[in-house]
Amino acid sequence: MDKDELDKSIVLCRACDLAVRKRALPTGVRALCPRCHTNLYDTPYCSINGMLALCLTALFLYFPANFYPVLELHFLGSVRTTTIIEGAMSVADQGYWIVGIAVLTAAVIAPGLLIASVLAQILIVKYQLNNPFFRDIYKRLLRYHGLLSQLTMLEIYMISIFVSVFQLSDYTDLYFGIGTFCFSVLFVMVIFLQREYDIEHMWSVLDEQ
Amino acid sequence: MNSKKAAVQGQSLGLTCCQTCQNLCPSTDECCNRCGQRIAARDVTSLQKSWALLITAAILLFPANLYPITIMTSQGQVRRDTIFSGINHLIQLDLLPIAIILFTASILVPMLKIVGLGIYLMAISYELPISKKKLMAGFHIIEWIGRWSMLDLFVISITAALVNMGQLLDAKPAPAATAFALVILLTQLAAKVLDTRLLWDRLESKDDRN
Ligand SMILES: [Zn+2]
Ligand SMILES: [Zn+2]
């Protein structure tokens with residue numbers, strides 16, 4: 001019975017524990033903690049179908065973005081190419097496997113898991129939320145969402161492609177490939193997906209039943 | 001609920017915000033009723049963990065900056081560049097914008113992160129009279145900007161994979177790369193494990209305004 005007596009109109013700030021009374025917000029506005037300016041809650045707008053479309057596009061681009069080279073180098077008639085994974089491997093091969101793992105995690109594994117996780121969450125919300133087994137999986141996915149989202153660093157990788165081009169342009173000629181194009185579109189899709197996704201909304205789906 | 005006059009904290013209401021899903025729970029509960037994770041009104045041990053991670057990161061900052069991070073061979077000539085000399089080299093090549101980006105991501109951000117987190121943790125541990133609002137603003141900036149240090153490691157991995165033409169042109173990572181990767185990992189962890197609610201409890205009596 002305790003749970004029903006809780007005053008659900010109060011929110012506690014995650015960062016400073018301040019109690020704030022919840023108010024209705026206009027669309028597109030975020031409520032910030034008046035004391036420490038941490039994000040408190042968003043407008044409950046999170047289009048499941050819109051996210052599904054973004055997710056499927058991202059998933060479709062994920063494979064070419066990782067299997068086609070993101071950069072090509074032409075030097076005295078010979079051509080060298082690299083994919084993101086080959087980049088990580090070449091560092092690891094030199095004995096710097098911590099660096100290799102960091103690159104692989106931030107640019108390949110975390111984005112892939114993030115897309116797969118959001119897709120699974122959407123499918124569960126749409127079709128299987130009453131099934132206790134899937135409900136449990138859904139909770140697990142939500143728990144790791146924050147971590148995956150933080151580990152996904154596609155925007156930083158995008159910038160580093162350009163930095164590499166400028167850095168090496170002094171020595172040789174560099175060209176973009178299909179992989180670069182797929183990667184940039186993937187990066188845009190994931191940015192939109194993260195913008196659309198609202199973790200509080202996804203958690204609150206569980207309360208409704 | 002007027003926050004200006006009396007700041008009511010969840011702790012005094014007997015309520016706890018679940019750190020996993022932000023659900024409102026009674027402090028007497030052991031686990032959150034929505035996500036099932038353990039809840040605690042405050043995680044006091046997080047302060048020690050955060051200090052340990054931060055100190056290790058600060059020590060690793062020295063090898064990361066003093067040892068070479070890349071080895072570049074061009075027409076038989078070998079260059080060993082530290083983070084700083086690499087940026088210097090870029091300035092000489094008239095690539096000022098790139099130099100500024102790399103300077104920010106590889107030198108400025110890690111230093112600011114370590115100094116900033118250090119001040120933040122000291123403010124909690126020794127109850128320093130520093131504005132909590134400013135500390136928290138700094139903390140949010142650190143959380144957001146910290147990941148950009150990965151830029152240099154991405155660039156090194158791309159360059160190492162592309163440039164491998166033996167004596168003519170060759171780029172390889174060097175020992176500082178691992179130290180630098182660990183600095184990023186440890187500082188990010190130090191910020192992540194910390195229960196920031198501790199700051200707002202301890203300084204309550206002293207400098208609350210500004
Ligand atoms: Zn707050
Ligand atoms: Zn919870």
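Naming: A, B, ... by sequence-line order, numbering from 1 per chain.
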Of the backbone (N, CA, C, O) and the side chain (C-beta and beyond), which part of [X] lies under 4.5 Å from a heavy atom of chain A, both, or neither?
| X | value |
| --- | --- |
| Leu102(B) | side chain |
| Ala161(B) | both |
| Leu95(B) | side chain |

Would you check, one step at a time, whether the test side-chain hydrogen bond (donor to acceptor under 3.5 Å, both in side chains) holds for Arg14(A) with Gln19(B)?
CA-CA 7 Å; Arg14(A) 179 170 47 87; Gln19(B) 294 284 296; 5.9 Å; no
Measure across Gln94(A) and Pro173(B) and return the closest heavy-atom pair with its distance rounded to 0.1 Å.
CG-CD, 3.9 Å
I want to check something: taking the side chain as every heavy atom from C-beta on, are [X] and [Y] in contact at a cut-off of under 4.5 Å?
| X | Y | value |
| --- | --- | --- |
| Trp97(A) | Thr178(B) | no |
| Leu24(B) | Val11(A) | no |
| Val91(A) | Lys172(B) | no |
| Phe75(A) | Leu168(B) | yes |
| Leu169(B) | Thr172(A) | yes |
| Phe139(B) | Cys36(A) | no |
| Thr159(B) | Leu168(A) | yes |
| Leu162(B) | Leu174(A) | yes |

Please determine, among [options], the option with the most heavy-atom pairs under 4.5 Å with chain A.
| options | answer |
| --- | --- |
| Ser157(B), Ala181(B), Ala171(B) | Ser157(B) |
| Leu182(B), Ile158(B), Thr20(B), Ile98(B) | Ile158(B) |
| Pro97(B), Ala160(B), Gly36(B) | Ala160(B) |
| Arg42(B), Met165(B), Met150(B) | Met165(B) |
| Ile156(B), Asn23(B), Leu93(B) | Leu93(B) |

Within the distance-only criterion (no hydrogens, no angle test), does the side chain of [X] pair as donor or acceptor with the backbone N or O of [Y] below 3.5 angstrom?
| X | Y | answer |
| --- | --- | --- |
| Glu200(A) | Gln22(B) | no |
| Arg147(B) | Thr152(A) | yes |
| Arg34(B) | Leu206(A) | no |
| Asp17(A) | Thr16(B) | no |

Rounded to the nearest 0.5 Å, what separates atom [atom1] in [X] from atom [atom2] in [Y]?
| X | Y | atom1 | atom2 | answer |
| --- | --- | --- | --- | --- |
| Phe154(B) | Ile159(A) | CZ | CD1 | 11.5 Å |
| Gln9(B) | Leu18(A) | CD | CG | 7.0 Å |
| Ser160(A) | Trp148(B) | OG | CH2 | 9.0 Å |
| Cys21(B) | His145(A) | SG | NE2 | 14.0 Å |
| Phe166(A) | Ile101(B) | CZ | CD1 | 8.5 Å |
| Cys17(B) | Ile10(A) | SG | CD1 | 12.5 Å |

Structural part of [X] lying under 4.5 Å from a heavy atom of chain B:
| X | result |
| --- | --- |
| Leu40(A) | backbone |
| Ser90(A) | side chain |
| Leu71(A) | both |

Of all of Ala102(A), Cys13(A), Cys16(A), Ser169(A), which one pairs up most often with chain B through heavy atoms under 4.5 Å apart?
Cys16(A)
Arg35(A) vs Met136(B), test: side chain to side chain contact (heavy atoms under 4.5 Å, CB included). Steps then yes/no.
CA-CA 9 Å; Arg35(A) 192 161 72 163; Met136(B) 204 64 206; over 6 Å; no
Tyr175(A) OH: over 12 foreign heavy atoms closer than 6.0 Å:
yes
Determine, step by step, whether His89(B) and Gln167(A) satisfy the side chain to side chain contact (heavy atoms under 4.5 Å, CB included) criterion, reporting the C-alpha distance in whole Å, the side-chain angles of both residues, the deciding distance to 0.1 Å, and the verdict.
CA-CA 10 Å; His89(B) 185 62; Gln167(A) 240 183 19; over 6 Å; no
Strictly less than 4.5 Å between heavy atoms, which residues of residues 104-124 of chain A line up against chain B? Please order them by number.
Ala106(A), Ala107(A)
Begin from the C-alpha positions of Val163(B) and Arg80(A) and carry the test side chain to side chain contact (heavy atoms under 4.5 Å, CB included) through to its verdict.
CA-CA 8 Å; Val163(B) 186; Arg80(A) 300 286 147 102; over 6 Å; no
